[in-house]
Amino acid sequence: MKGNPNLLHSEIGALYEYDFSIPRAKIEEILALPRPSLIKDLEEVLEEATRNFKDYDRFYEAEPEESLFLAPVHALFLLGELGAIEALPAINQFLKQDEEFLDFWLGDLLTEEVWQAIYKLAHSDITQLFPFIMEPVEQVFAKSPHIKAALTYMALKRNKRSVLAADYKKLTQNLIEQAKASPAFTDENAILTSAVFKAIDYGLMELEEEIKMAIEAELIDDYGKNDWEIAQDLLVKNEPDISIMTIYEHYEAIQEWYNYEETSDVDFGQSMNNIDYTPKEKNIDPRLAPKTVYNDTTPFKKTTPDVGRNEPCPCGSGKKHKKCCLRK
């Protein structure tokens, strides 16, 4: 299934035909296209995926093996490689969709991989990411790539920290206020927790005051209001260990992540028709594994009642849900 995007370049059709084993030559061919029209085509891939989501969803349930459904992911990665900051509004619009939509198109990639593309896209002016982080969106975790990209920039660009410190403090304070406004420990707390953990991991001392404020207000998962000294010790000691990959390195890393087992006569970059898709450890099609944050092989369909983060875990461990199976 190729969808029906209105493309200027026929080469973009490859994004509808390959998984993460897309040949390097294909990527190079696409990146060599004229920049303005290429960016317009990649934006159209995102817009078409939004327009026709319901059709894709129905087709996936009927014949999932006939399509990889990865064209929007390819588009995001390519826009990142181009450093196409001008495409940020289109990307933000794509990420403003609901949970079912983002789960279908991005799954675990949303929180684990998309940030690399966002970082490369916005490194020329990282503050352009901030408005999206601070505005309300349908799915709070849609902010995750922007937040991680922004914190990574601060970690890597030491010479920019003093200049940007005020902006980052304001950003973190905004996340704290969103979490405070939540009636209970919700997604707003989870995204703040992720940001605080990342800031601690990166040793971002410029945000020390905000991190302390969040912990002492009991807004951070796994930290009580008296745990600031523990966090402070880590904040002082930690140094960032970050690597920004090229798109080619990124595809290789993702293939390894999903345990692609290739036949002995196939090298990276050959057509997906020549690859044995039997994972080494899990009996699932690895093309479908990225499709859900919930580690399921089908698009998100809610069938069970909500379990509060502070309620007993339904697995019977006796622990609170947030301390046990919530993140599994």
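If you read the sequence from its start, that first residue is 1, and numbering goes on from there.
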Self-check item: Heavy-atom pair of closest approach, residues Ala149 and Ile126
Solution: O-CD1, 4.1 Å
Practice problem: Evaluate the side chain to side chain contact (heavy atoms under 4.5 Å, CB included) criterion for residues Val140 and Thr186: first the C-alpha distance (whole Å), next the side-chain angles of each, then the deciding distance (0.1 Å), finally the verdict. | Solution: CA-CA 10 Å; Val140 174; Thr186 59; over 6 Å; no
Quiz item: Can you check whether Ala190's main-chain N or O pairs, donor with acceptor, with Asp187's side chain at less than 3.5 Å?
Solution: no
Practice problem: For Gln97, check side chain to side chain donor-acceptor pair (under 3.5 Å) against everything at least two apart and list the hits. | Solution: none
Exercise. Would you name the heavy atoms of Ala155 and Ile242 that are closest together and state the gap between them?
Key: CB-CD1, 3.7 Å
Quiz item: Is the backbone N or O of Ser243 less than 3.5 Å from a side-chain atom of Gln116, with the two atoms forming a donor-acceptor pair by type?
Solution: yes
Quiz item: When you look at Glu47 and Arg51, which way does the side chain to side chain contact (heavy atoms under 4.5 Å, CB included) test go after all the steps?
Solution: CA-CA 6 Å; Glu47 292 169 9; Arg51 290 195 305 269; 4.0 Å; yes
Quiz item: Would you say Lys40 has more than 12 foreign heavy atoms packed within less than 6.0 Å of its NZ?
Solution: no
Quiz item: Ile147 versus Leu175: any side-chain heavy-atom pair under 4.5 Å?
Solution: yes
Quiz item: If we only count heavy atoms from C-beta on, is the Leu171 to Glu210 side-chain gap below 4.5 Å?
Solution: no
Quiz item: Which heavy atom in Ser37 sits nearest to a heavy atom in His9, and how many Å separate them?
Solution: OG-NE2, 2.7 Å
Quiz item: Do Val196 and Leu219 come close enough that some side-chain heavy atom pair is under 4.5 Å?
Solution: no
Quiz item: What pairs of residues pass the side chain to side chain donor-acceptor pair (under 3.5 Å) test when at least one of them lies in residues 197-206, not counting sequence neighbours?
Solution: Thr152-Tyr202
Quiz item: Side chains of Thr111 and Leu106: closer than 4.5 Å at any heavy-atom pair?
Solution: no
Quiz item: Are any side-chain N or O atoms of Thr193 and backbone N or O atoms of Asn189, one a donor and one an acceptor, separated by less than 3.5 Å?
Solution: yes
Practice problem: Go through the structure and list residues passing side chain to side chain donor-acceptor pair (under 3.5 Å) with Asn174, not counting sequence neighbours. | Solution: Gln178
Practice problem: Considering only NZ, NE, NH1 and NH2 on the basic side and carboxylate oxygens on the acidic side, decide whether Asp167 and Lys170 come within less than 4.0 Å. | Solution: no
Quiz prompt | Side-chain touch Phe101/Thr50, heavy atoms, less than 4.5 angstrom | solution = yes
Exercise. Can you measure from CD1 (Ile200) to CG (Leu235) and round to the nearest 0.5 angstrom?
Key: 6.5 Å
Self-check item: Approximate separation, where rounding is to 0.5 Å, of Tyr18 OH and Leu70 CG
Solution: 14.0 Å
Quiz item: Say you draw a straight line from CG of Leu129 to CG of Asn92; how long is it, rounded to the nearest 0.5 Å?
Solution: 8.0 Å
Exercise. Count the heavy atoms of every other residue, nucleotide or ligand shown that sit under 6.0 Å from CG of Asp241, and state whether that count exceeds 12.
Key: no
Exercise. Measure the acute angle between the ring planes of His74 and Phe20, then classify it against the limits of 30° and 60° as parallel, tilted or perpendicular.
Key: perpendicular
Quiz prompt | Full working for side chain to side chain contact (heavy atoms under 4.5 Å, CB included) between Leu110 and Asp103 | solution = CA-CA 8 Å; Leu110 175 65; Asp103 183 69; over 6 Å; no
Quiz prompt | Partner set under salt bridge (Lys or Arg N to Asp or Glu O under 4.0 Å) for Lys148, not counting sequence neighbours | solution = none
Exercise. Check ring pair (Phe, Tyr, Trp, His ring centres under 6.0 Å) between Tyr168 and all other residues, then give those that pass, not counting sequence neighbours.
Key: Phe130
Quiz item: Among the clusters formed by ILVMFWY side chains lying less than 4.5 Å apart, do Met245 and Leu76 turn up in the same one?
Solution: no
Quiz item: Are Lys96 and Glu135 close enough that some pair of their side-chain heavy atoms sits under 4.5 Å apart?
Solution: yes
Practice problem: Check whether Ile244 and Ile118 end up in the same hydrophobic cluster, where Ile, Leu, Val, Met, Phe, Trp and Tyr are linked by side-chain heavy atoms less than 4.5 Å apart. | Solution: yes
Quiz prompt | ring pair (Phe, Tyr, Trp, His ring centres under 6.0 Å) involving His250 - partner list, sequence neighbours excluded | solution = Phe77
Quiz item: With sequence neighbours left out, which residue pairs that include part of residues 141-165 fulfil the ring-ring contact (aromatic ring centres under 6.0 Å, His included) condition?
Solution: Phe132-His146
Quiz item: How far apart are the closest heavy atoms of Trp105 and Ala49, and which atoms are they?
Solution: NE1-O, 3.5 Å
Quiz item: Shortest non-hydrogen contact from Ile247 to Glu81?
Solution: N-OE1, 3.0 Å
Quiz prompt | Aromatic ring pairing Tyr119/Trp115, orientation class (parallel under 30°, perpendicular over 60°, tilted between) | solution = perpendicular
Quiz item: So do Leu95 and Val137 actually touch side chain to side chain, heavy atoms under 4.5 Å?
Solution: no
Quiz prompt | Cluster overlap Leu8 with Leu15, hydrophobic side-chain contacts below 4.5 Å | solution = no
Exercise. Please list, chain by chain and in numerical order, all residues satisfying salt bridge (Lys or Arg N to Asp or Glu O under 4.0 Å) with Lys143, sequence neighbours excluded.
Key: none
Donor-acceptor list for residues 28-36 side chains, cut-off 3.5 Å, not counting sequence neighbours:
residue: Glu28; atom: OE2; partner: Arg24; partner atom: NE; Å: 3.0
residue: Arg35; atom: NE; partner: Glu86; partner atom: OE2; Å: 3.4
residue: Arg35; atom: NH1; partner: Leu82; partner atom: O; Å: 2.8
residue: Arg35; atom: NH2; partner: Glu86; partner atom: OE1; Å: 3.2
residue: Arg35; atom: NH2; partner: Glu86; partner atom: OE2; Å: 3.2

Quiz item: What is the minimum heavy-atom distance between Ala214 and Leu192, and which atoms define it?
Solution: CB-CD2, 4.2 Å
Self-check item: Partner set under side chain to side chain donor-acceptor pair (under 3.5 Å) for Glu138, not counting sequence neighbours
Solution: none
Self-check item: Interatomic distance, Asp41 atom CG to Ser10 atom OG [nearest 0.5 angstrom]
Solution: 9.5 Å
Quiz item: Distance from His123 atom NE2 to Ile85 atom CD1, nearest 0.5 Å?
Solution: 9.5 Å
Quiz item: Glu100 versus Asp57: any side-chain heavy-atom pair under 4.5 Å?
Solution: yes
Quiz item: Under the 3.5 angstrom rule, does the side chain of Asp233 hit a backbone N or O of Ile230 as a donor-acceptor pair?
Solution: no
Practice problem: For the pair Glu43 (side chain) and Ala90 (backbone), establish whether a donor and an acceptor sit closer than 3.5 Å, ignoring hydrogens and angles. | Solution: no
Practice problem: Applying side chain to side chain donor-acceptor pair (under 3.5 Å), name anything that partners Asn226, two or more places apart in sequence or on another chain. | Solution: none
Self-check item: Residues forming a side-chain contact (heavy atoms from CB on, under 4.5 Å) with Glu218, sequence neighbours excluded
Solution: Lys225
Quiz prompt | Nearest-0.5 Å distance that lies between atom CZ in Phe104 and atom OH in Tyr56 | solution = 9.0 Å
